Amino acid sequence: MKPDIRIFKDVEDLSRAAANLFIEQAAKSINERDRFLVALNGGNTPMRLFQLLGADFREQVNWSKVHIFWGDERCVPPDDPGSSYGQARDVLLSRVLIPDTNVHRIKGELGPVDASKEYSLVLKELSSPPLGWPRFDLVYLGMGEDGHTASLFPGSPVDVAEPVIPVTAHYQDRPADRVTLTPVVFNSARKVVFMVTGEKKAIILAEVLSDRYNPEQYPAQRINPKVGELIWLVDEAAARKLPKELKKQFYDG
């Protein structure tokens, strides 16, 4: 199956499309299962999405039925500037009427091993049998300039059976102690949405979406839901190296 690639003029248009996907999937999931399970990503790319959901789109979601998770987290306290939870809390969660009990953060302050064990238990409590973790209704992911996604880095083990693993690695010459969900969780989701922006990611995006399958070197290629939908939202800068046959352009204007 060819990937569903949607190209947007800029980050603003892309973020609004991502917000609309959140609203649509939330309504569908709540109508069918009385809850909406979503895993958020971190970094700079989703910031505008979070701002839109916490402001312009806030009234379009029944937040009492929403459960928020994270695909990965840095092993820092929640008030640290590097915390993905803290990032989402400040621009989104603090601005909507979501119960505290519906926010399931990774406790990065525990350290990689203990935090991964603790989050495995959290996932198990909200699991979707026969799975030992939730079948997420929506997962947002980003992609680094090296093809990593979540905290699945190049050279890391490809076939992992555990739903959550500790990560100790060097990324961009910095030590990275993190916790990440694994492909067995992401690939069981009903909808996975990659958000990729910027010219610096153009070459790697073209490689990841090519027929050259190398999941050890490009972890983003490990994400391929078997019974779910995979969507790539990319801006024009990131899409400039894609072959024409892969492009399916969506513009607001």
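Excluded from the calculations below are hydrogen atoms, water molecules and symmetry mates; all remaining heavy atoms, backbone and side chain alike, are included. Predicted, not measured: the structure shown is a model, and the values here were computed from it.
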- Task: Taking E145 for its side chain and I204 for its backbone only, find out whether a donor-acceptor pair lies under 3.5 Å.
- Result: no

- Check the hydrophobic clustering (I, L, V, M, F, W, Y; side-chain heavy atoms under 4.5 Å; chains of links allowed) and say if V179 and V113 are grouped together. no

- Of all heavy-atom pairs between V184 and A161, which one has the smallest distance, and what is that distance? CG2-O, 3.9 Å

- For salt bridge (Lys or Arg N to Asp or Glu O under 4.0 Å), just list the numbers for R89 and D79, CA-CA rounded to whole Å, side-chain angles, deciding distance to a tenth of an Å, and then say yes or no. CA-CA 10 Å; R89 176 198 60 204; D79 291 326; 3.0 Å; yes

- Message: Ignoring hydrogens and geometry beyond distance, is a side-chain donor-acceptor pair present between S128 and R33 at under 3.5 Å?
- Response: no

- Query: Could you give the distance from CZ (R135) to OG (S188), rounded to the nearest 0.5 Å?
  - Reply: 7.0 Å

- Nearest 0.5 Å, what's the NZ-CD distance between K241 and E207? 12.5 Å

- Message: Taking atom CG as the centre, does D10 end up with more than 12 heavy-atom neighbours from other residues, nucleotides or ligands that are less than 6.0 angstrom away?
- Response: yes

- Side-chain donor/acceptor of N31 to backbone N/O of A27, under 3.5 Å: no

- Message: Could you walk me through whether F50 and L93 satisfy the side chain to side chain contact (heavy atoms under 4.5 Å, CB included) test, starting with their C-alpha distance in whole Å, then the side-chain angles of each, then the deciding distance to 0.1 Å, before giving a yes or no?
- Response: CA-CA 9 Å; F50 297 162; L93 303 177; over 6 Å; no

- Query: If you take all heavy atoms of V164 and S120, which pair is closest and at what distance?
  - Reply: CB-OG, 3.5 Å

- In Å and rounded to the nearest 0.5 Å, what is the CD to CG distance from E12 to L49? 11.0 Å

- Query: Hey, are the side chains of F194 and I223 touching, using non-hydrogen atoms and a 4.5 Å cut-off?
  - Reply: yes

- Query: Side chains of V66 and V96: does their closest heavy-atom pair fall under 4.5 Å?
  - Reply: no

- Query: Distance from L205 atom CG to M143 atom CE, nearest 0.5 Å?
  - Reply: 4.5 Å

- Task: Would you check, one step at a time, whether the test side chain to side chain contact (heavy atoms under 4.5 Å, CB included) holds for R35 with L37?
- Result: CA-CA 7 Å; R35 67 179 187 176; L37 309 181; 3.8 Å; yes

- Message: Rounded at 0.5 Å granularity, tell me how far CG in L126 sits from CG in N102.
- Response: 9.0 Å

- Message: To the closest 0.5 Å, what do you measure between CG (L53) and OG (S15)?
- Response: 9.5 Å

- Message: Is there a side chain to side chain contact (heavy atoms under 4.5 Å, CB included) between V208 and W232? Walk through the geometry before answering.
- Response: CA-CA 11 Å; V208 166; W232 289 79; 3.9 Å; yes

- Item | Minimum side-chain heavy-atom gap V167-P112 below 4.5 Å | no

- Task: Would you indicate whether the side-chain heavy atoms of L21 and L233 approach each other to under 4.5 Å?
- Result: yes

- Under 6.0 Å from the CG atom of L131, do we count more than 12 heavy atoms belonging to anything else shown? yes

- Query: Are L52 and M47 joined in one hydrophobic group, where the rule is that I, L, V, M, F, W and Y side chains link up if heavy atoms are under 4.5 Å apart?
  - Reply: yes

- Are any side-chain N or O atoms of Q221 and backbone N or O atoms of R212, one a donor and one an acceptor, separated by less than 3.5 Å? yes

- Short side-chain to backbone donor-acceptor contact, E73 and S84, under 3.5 Å: yes

- Classify the ring geometry between H104 and F69 as parallel (under 30°), tilted (30 to 60°) or perpendicular (over 60°). parallel

- Message: Please determine whether side chain to side chain contact (heavy atoms under 4.5 Å, CB included) holds for the pair R74 and S83, giving the CA-CA distance in whole Å, both sets of side-chain angles, and the decisive distance to 0.1 Å.
- Response: CA-CA 6 Å; R74 297 176 178 88; S83 169; over 6 Å; no

- Partner of T197 under side chain to side chain contact (heavy atoms under 4.5 Å, CB included), chosen from T45, V234, N44: T45

- Query: Where is the tightest heavy-atom contact between E109 and P78, given as atom of each residue plus distance?
  - Reply: OE1-CD, 3.7 Å

- Task: Treat each ILVMFWY residue as a node, draw an edge where side-chain heavy atoms are under 4.5 Å apart, and state whether V76 and W70 are in one component.
- Result: no

- Hey, any chance Y85 and L110 share a hydrophobic cluster, counting ILVMFWY side chains that come within less than 4.5 Å of each other, even indirectly? no

- Task: Please say which of R190, K191, K28 ends up in a salt bridge (Lys or Arg N to Asp or Glu O under 4.0 Å) with E229.
- Result: K191

- Report yes if some heavy atom in the side chain of D137 is under 4.5 Å from a heavy atom in the side chain of V38; otherwise report no. no

- Task: Considering non-hydrogen atoms only, spot the tightest contact between G142 and N41 and give its length.
- Result: N-ND2, 3.6 Å

- Scanning both residues in full, the closest heavy-atom pair of I23 with Q60 reads CD1-OE1, 3.6 Å

- Task: Would you name the heavy atoms of S151 and T180 that are closest together and state the gap between them?
- Result: N-OG1, 3.2 Å

- Message: Using salt bridge (Lys or Arg N to Asp or Glu O under 4.0 Å), reason through R240 and E236 one step at a time and then give a plain yes or no.
- Response: CA-CA 6 Å; R240 67 184 183 87; E236 287 183 345; over 6 Å; no

- Message: For W63 and F22, I'd like to know if the aromatic rings sit close, meaning centre-to-centre distance below 6.0 Å.
- Response: yes

- Cluster question for you: counting only ILVMFWY and a side-chain heavy-atom cut-off of under 4.5 Å, with indirect links fine, are I5 and V11 together? no

- Item | Option passing side chain to side chain donor-acceptor pair (under 3.5 Å) with S156 (candidates R222, E216, H148) | R222

- Under 3.5 Å, is there a donor-acceptor pair between the side chain of D177 and the main chain of T168? no

